[in-house]
2 protein chains.
Amino acid sequence: MISSYENEDKFLNAVDCIIFGFDGKNLKILLIKRDFEPEKGQWSLMGGFLRNNEIFSDAAARVLNKLTGLHDVYLEQLFAFSKVNRDPVERILSVAYYTLIDINTHNKELIQKNSAKWFNVGNFPELIFDHNIMVERAIKRLRRKTSIEPIGFKLLPRKFTMLQLHNLHETILNKKIDKRNFIAKINSLNILIKLHEKSFESSKKGSFLYMYDKEEYEEKLSNGFTFKL
Amino acid sequence: MISSYENEDKFLNAVDCIIFGFDGKNLKILLIKRDFEPEKGQWSLMGGFLRNNEIFSDAAARVLNKLTGLHDVYLEQLFAFSKVNRDPVERILSVAYYTLIDINTHNKELIQKNSAKWFNVGNFPELIFDHNIMVERAIKRLRRKTSIEPIGFKLLPRKFTMLQLHNLHETILNKKIDKRNFIAKINSLNILIKLHEKSFESSKKGSFLYMYDKEEYEEKLSNGFTFKL
DNA sequence: TCAAAAGTGTTCACCGTACACCCATGG
DNA sequence: CCATGGGTGTACGGTGAACACTTTTGA
């Protein structure tokens, strides 16, 4: 069959990743200092070109793995950016993904090797191209999503305390949330498993650790259960 | 400057449009019967290739204009689809957009020329490639969006009756909505202008016509006003 | 006078939100 | 024994949901 497409323009396609983490206090994003042109030396999102055998989410996962060493992370497509001169060298279409990772589990050598660094959301440097817009959009999406679906777990260690979770939500939504109301709401969702184990990291009394009940959670999700936080 | 990108793969990029309309009774989508290969004769979304000087939304608007003759329509990016073999001839990355138009205002000759036809959502033919997935996703998004923001206006004529609006919402959300509660809620949003004019199309008594107050609406939107329907 | 759609309020249950004190422990 | 963070319950107001009858007028 003869291709009917031969007169059409072709383009470079890339993905860029907004990588969120939480250090217990602040919501953070992982940025790299570019060691290649253009804009060498500038801060940027981690990105990469789409390859022939990949779909966009594969490319995003590959790029993310290259920087953090992590597999099987939560990735969500954010938006396809296409401004003609986004990249000064040549036109590149970029699909942005955002991801939530446990800040403690990534591979620190890889981070160093890529000259990457964690920055607080709300206080990070000017980025190249349209990456600032991507980040803004990702934060907005994360906020909205967080109040519909408790995806924040993915930013915490496997075992976490209620107050970590509480802090996380306050941080993401950038507002005070009443502790008792929050705990009551979370409990009513029935997606947490209370362990018979305490963390003594932050107090003498110790606070119970929880895990989230992945199966319960995903079943409810797939049944269209509406979380509302 | 030498391009550092020269070894990377390039791809064809396209847009596909899910075009929603409302005939007073049913939510509809506009599909075309392809008169070109591949899949000639099959039903499909209207689409087109991205050009060198366009961003994705330009391409979507162009494609939409080509089929309907309309300008300045509501367009929202849905998702970037990238399965490797979506198109059997050659790899094409496609960004899907959905749009809401007043079914009465489009150019009927263009529709004919493109062998296009309106189908009820929930009863339309098998589509080519991954277009069925695109449509499903668009419907889901439209539902969610409709209960957050009254975008449904865009599917109605400029002047419409309360019951048209009521029917529209019932249709989109595919469930019964109490008439009095609905009207009270809509009124409480303060984005409708009640005209001193009635429509006698559907009753002897006649029903008042409304317009939506675009400025009010957009101001509230940009102030982050949360609608919730 | 009747058929067919337009238009209009009230009540109740539940949920979101505000709010403050005791507990356990290590130092 | 005290300082620090952990853990817990109740009351109120507002919002969402259920519910039915009267009005208008052309045929």
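Just so it is clear, the structure is predicted and the values come from calculations on it, not from any experiment.
- Within the 4.0 angstrom heavy-atom criterion, no nucleotide atom of any strand lies near B:Lys198.
- Positionally, the nearest nucleotide of DNA chain D for B:Lys228 lies more toward the 5' end than for the other of B:Lys228 and B:Lys179.
- A salt bridge between B:Asp23 and B:Lys28 is present, with a side-chain N of the basic residue lying under 4.0 Å from a carboxylate O of the acidic one.
- Using a 4.0 Å cut-off between charged nitrogen and carboxylate oxygen, A:Glu76 and A:Lys145 count as a salt-bridge pair.
- The side chain of B:Leu163 sits closest to C:dA6 out of C:dA6, D:dG6, C:dG16.
- Taking every side-chain heavy atom of B:Asn181 into account, D:dA17 is the closest of C:dA6, D:dG6, D:dA17.
- For B:Lys83 and B:Asp130, the salt-bridge test fails: no basic side-chain N is under 4.0 Å from an acidic carboxylate O.
- With hydrogens and angles ignored, a donor-acceptor pair closer than 3.5 Å exists between the side chain of B:Lys205 and the base of C:dA6.
- When each of D:dG5, D:dT25, C:dA6 is scored by its nearest atom to the side-chain atoms of B:Lys204, the top-ranked nucleotide is D:dT25.
- Nucleic acid contact class of B:Phe208 (heavy atoms, under 4.0 Å, all strands): sugar-phosphate only.
- Listed nucleotides: D:dA17, C:dT8, C:dA6. Nearest to the side chain of B:Arg180: C:dT8.
- Positionally, the nearest nucleotide of DNA chain C for B:Thr161 lies more toward the 5' end than for the other of A:Gly206 and B:Thr161.
- One finds a salt bridge joining A:Glu197 and A:Lys159 here, because a Lys/Arg side-chain nitrogen approaches an Asp/Glu carboxylate oxygen to under 4.0 Å.
- Among C:dT17, C:dA6, D:dG6, the nucleotide with an atom closest to any side-chain atom of A:Lys185 is C:dT17.
- Comparing A:Ser203 and B:Ser202, the nucleotide of DNA chain C nearest to each residue sits closer to the 5' end for B:Ser202.
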